[in-house]
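These notes concern the structure reproduced below.
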Amino acid sequence: MVVVPAGPFLMGCVPSATIDCPSDTIPARAVHLPTFLIDRTEVTVAAYTRCVEAKVCERVRPRGGDSPDLPITGVTWHDADRYCRWMGRRLPTEAEWEKAARGSDGRSYPWGEADPTCALAHHLRDGSYSGCGAELVVAVGTHPAGASPCGALDLAGNAQEWTADWYHPFYYSHGRTNEPPAPSLNQGNFGRAVRGSPQLHELEIYHRGSQKSRLSISNITGFRCARSVQVP
């Protein structure tokens, strides 16, 4: 795991001349979080298989492939939650996931402001296989140049990722800004919030750290875990 230091960060999308922010990512606001830990990479097929063999996790058919070093995909939110609990961890909140992806300097992408490239993040192009290769996902940690400020990898591209929070389309307009809790109810039957880039898009907006979704695109969805830090 890597450490994400305590302090404020910019949560949400900042519109510009070229970026029209999705309505569920505005208004951008300063959010304060305590120190926490988050997995450096997405949970792999090999790691999830150990949980299955321990008879804790449900066996799934990975949608992105079953090589040991690929991110586990095709998991439900409950699969992901069960694994993290087994590890003595938990799923990250949306705020934690976004801070891990963006750091405290308000950057648009984990690596900064440069447009996404195949050296920085794995993605397909417009639903075809003409983007960064034919694979739906690649081995975790394949793109070290795309690391976020805390050293976490694949927070843009590769698998989408489950978070702990219920999705809410207007939560940023009224949610708390100090250690914001998740929306308390599944309002509108939207399900849990998903973070990270849909692989079937090359558009820059989908790789921004502020991007969120209530849908699992092609079910190429995995996860990573987080853990709170006890401060003496």
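The residues of the chain are indexed from 1 along the displayed sequence.
Side-chain contact between V75 and W162: present, with at least one pair of heavy atoms (C-beta onward) separated by less than 4.5 Å. Using a 4.5 Å heavy-atom cutoff, the side chains of P116 and W111 are in contact. Side-chain contact check for Y167 versus D24: some heavy-atom pair is nearer than 4.5 Å.
For residues 68-117, the set of pairs meeting the disulfide bond (SG atoms under 2.5 Å apart) definition, not counting sequence neighbours, comprises C84-C225. The salt bridge (Lys or Arg N to Asp or Glu O under 4.0 Å) pairs that include a residue from residues 149-164 are E161-R224, where partners are two or more places apart or lie in different chains. Applying the salt bridge (Lys or Arg N to Asp or Glu O under 4.0 Å) test to residues at least two apart or on different chains, the pairs with a partner in residues 26-43 are D39-R89. Within the structure, disulfide bond (SG atoms under 2.5 Å apart) contacts touching residues 26-62 (residues at least two apart or in different chains) are C51-C57. The stretch residues 64-86 participates, sequence neighbours left out, in these salt bridge (Lys or Arg N to Asp or Glu O under 4.0 Å) pairs: D79-R82, D81-R85.
Aromatic ring pairs are classed by plane angle as parallel below 30°, tilted from 30° to 60° and perpendicular above 60°; the pair H168 and F170 is perpendicular.
Between the OG atom of S108 and the CG atom of L10 there is a distance of 9.0 Å, given to the nearest 0.5 Å. Atoms CZ and CE, from R227 and M87 in turn, are 10.0 Å apart once rounded to the nearest 0.5 Å. To the nearest 0.5 Å, the span separating CD on E53 from NZ on K55 amounts to 9.0 Å. Between atom CG of residue L155 and atom OH of residue Y109 there is a gap of 15.0 Å, rounded to the nearest 0.5 Å. Between the CG atom of N158 and the CG atom of L136 there is a distance of 10.0 Å, given to the nearest 0.5 Å.
Across every non-hydrogen atom of C13 and A28, the tightest pair is O-CB, 3.7 Å. Closest approach of W77 and T163 over heavy atoms only: NE1-O, 2.8 Å. Closest heavy-atom contact between A159 and G222: CB-N, 3.9 Å. For W86 against A54, the heavy-atom pair with the smallest separation is CZ2-CB, 3.8 Å. Minimum heavy-atom separation, I220 to T73: CG2-CG2, 4.0 Å. Residue I38 comes nearest to P92 through the heavy atom pair CD1-CB, 4.2 Å, listed as atom of the first residue, atom of the second, then distance.
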- Run the side-chain contact (heavy atoms from CB on, under 4.5 Å) check on W97 and D165 step by step: do they pass? CA-CA 11 Å; W97 194 100; D165 294 5; over 6 Å; no
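Partners of A46 under the side-chain contact (heavy atoms from CB on, under 4.5 Å) rule, at least two apart in sequence or in another chain, are T44, R50, P68. With sequence neighbours excluded, no residue forms a disulfide bond (SG atoms under 2.5 Å apart) with C150. Contacts of A6 classified as side-chain contact (heavy atoms from CB on, under 4.5 Å), with partners at least two apart in sequence or in another chain: T35. Applying the side-chain contact (heavy atoms from CB on, under 4.5 Å) rule to P5 yields no partners; only residues at least two apart in sequence or on another chain are considered. With sequence neighbours left out, S228 forms a side-chain contact (heavy atoms from CB on, under 4.5 Å) with R90.
Hydrophobic clustering keeps L91 apart from L153 (ILVMFWY residues linked when any side-chain heavy atoms are closer than 4.5 Å, directly or through intermediates). One hydrophobic cluster, built from ILVMFWY side chains closer than 4.5 Å, cannot hold both M11 and I26; they sit in different ones.
K99 places no side-chain N or O within 3.5 Å of a backbone atom of V31 that could act as its donor or acceptor partner. Counting only distance, with no hydrogens or angles, the side chain of R102 and the backbone of G12 share a donor-acceptor pair below 3.5 Å.
Considering E96, E98, Q160 in turn, E98 is the only one that fulfils the side chain to side chain donor-acceptor pair (under 3.5 Å) rule with R195.
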Residues 138-146 side chain polar contacts: donor-acceptor under 3.5 Å, at least two apart:
from: T142; atom 1: OG1; to: A139; atom 2: O; distance (Å): 2.4
from: H143; atom 1: NE2; to: C118; atom 2: O; distance (Å): 3.1

